[in-house]
Amino acid sequence: MEGEKGTLEAGIKEQPEPDMTGPLTVEQLAAIEDEEILNNMLDKAVDFEERKMIRAAMRELLKRKRERRDRERAARMENLRQQGSGGKTAAGLNKDQKATNNPSGAQFNAHKTAQAKTFSTPTSTKTVSSPAQSHVARDKKVSGGSAVGGPNTKDVKQMLLDWCRVKTEPYEGVKIQNFSSSWADGLAFCALVHRFFPEGFEYCTLDPYDRRANFEKAFKTAERLADCPPLLDVDDLMRMREPDWKCVYTYIQEFYRCLVEKGLVKTKKKMP
């Protein structure tokens, strides 16, 4: 089974980026099995309807991967049942059965919340004075500075929050509304890191109830692939029901700066 899984994933990663001539169609997007290709298309798309179609295709792809893993688990459990007690003890079978009755797909469905689909009307923007502003303005999700001489700290914070919301919008189980409770289970960190580094890990295998594993996977992947220092301590996060918003805000700012340095986020002005 592991060999088949490796072959399948290898085949998906080797899928060439399609040559999209003319307007995008739902059928063309449905044939894409590589998250990275969809991510690249989403970054390049400027038309609102195209971006909407690509996000929908990304959600469907994550759903298909999750369902495929659920079927594989069910098949393995069926084989164990047929073998009876000849290969495993009763305690081992009960343990496997518990894991199957509560797969990551079911946990995601229990944890799932409605995705925000509101889009602010773009307005004319002034000179962008921060990386978060320029990227969000480029995506036409929020308007520019509100005061003469540039935006205040509150504006920058909201723009960075909106940027996080836009980048994680296709991911199931993630609904970013603030810099505190929205990040409590670690999925938001994982979704944001996976958005830019889909090769780092399989998002659809994450358990929303395993907070420690989610924090560790997100921070270690960001440190390894984005050179983002681990500013947040996992043990501290585990002691709190909701993380301190200032700590999360600081970490996201640093992660954004690292993306800018690697050229993964386009800005008009580099972070000092």
Would you give the length of the straight line joining atom [atom1] of [X] to atom [atom2] of [Y], rounded to the nearest 0.5 angstrom?
X	Y	atom1	atom2	value
Trp163	Ile176	CH2	CD1	9.5 Å
Asp233	Phe215	CG	CZ	11.0 Å
Leu237	Arg212	CG	CZ	9.5 Å
Asp227	Arg257	CG	CZ	9.5 Å
Cys228	Ile252	SG	CD1	8.0 Å
Asp207	Asn214	CG	CG	7.0 Å

Can any side-chain N or O of [X] pair as donor or acceptor with the backbone N or O of [Y] at less than 3.5 Å?
X	Y	value
Asp155	Met159	no
Ser180	Pro243	yes
Arg211	Ala184	yes

At their closest point, which heavy atom of [X] faces which heavy atom of [Y], and how far apart are they?
X	Y	value
Val234	Glu216	CG2-CG, 3.9 Å
Cys164	Thr168	O-OG1, 2.8 Å
Leu206	Cys190	CD1-CB, 3.5 Å
Lys167	Leu192	CB-CD1, 3.9 Å
Arg64	Ile32	NH2-O, 3.7 Å

Set out, in order, the CA-CA distance, both residues' side-chain angles and the distance that settles side-chain contact (heavy atoms from CB on, under 4.5 Å) for Leu187 and Tyr171, then state yes or no.
CA-CA 9 Å; Leu187 286 183; Tyr171 290 84; over 6 Å; no
List the steps and the verdict of side-chain contact (heavy atoms from CB on, under 4.5 Å) for Lys217 and Val193.
CA-CA 9 Å; Lys217 188 174 291 292; Val193 173; over 6 Å; no
Exactly one of Tyr203, Phe255, Phe179, Trp183 clears ring-ring contact (aromatic ring centres under 6.0 Å, His included) with Phe189, and that residue is Trp183
Show your reasoning for whether side-chain contact (heavy atoms from CB on, under 4.5 Å) applies to Trp245 and Asn178.
CA-CA 8 Å; Trp245 75 265; Asn178 53 50; over 6 Å; no
Val265 vs Phe196, side-chain contact (heavy atoms from CB on, under 4.5 Å): CA-CA, chis, key distance, verdict
CA-CA 9 Å; Val265 172; Phe196 291 94; 4.0 Å; yes
By side chain to side chain contact (heavy atoms under 4.5 Å, CB included), which residues pair with Pro229, not counting sequence neighbours?
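Pro229 satisfies side chain to side chain contact (heavy atoms under 4.5 Å, CB included) with Leu231, Glu254, Cys258 once adjacent residues are dropped.
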Is there a side-chain contact between Leu225 and Glu199 (heavy atoms, below 4.5 Å)?
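With C-beta onward as the side chain, the pair touches.
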Residue list, ring-ring contact (aromatic ring centres under 6.0 Å, His included) with Phe197, at least two apart or on another chain
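Phe197 satisfies ring-ring contact (aromatic ring centres under 6.0 Å, His included) with no other residue.
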Near-ring test Phe219/Tyr251, centroid separation under 6.0 angstrom:
yes
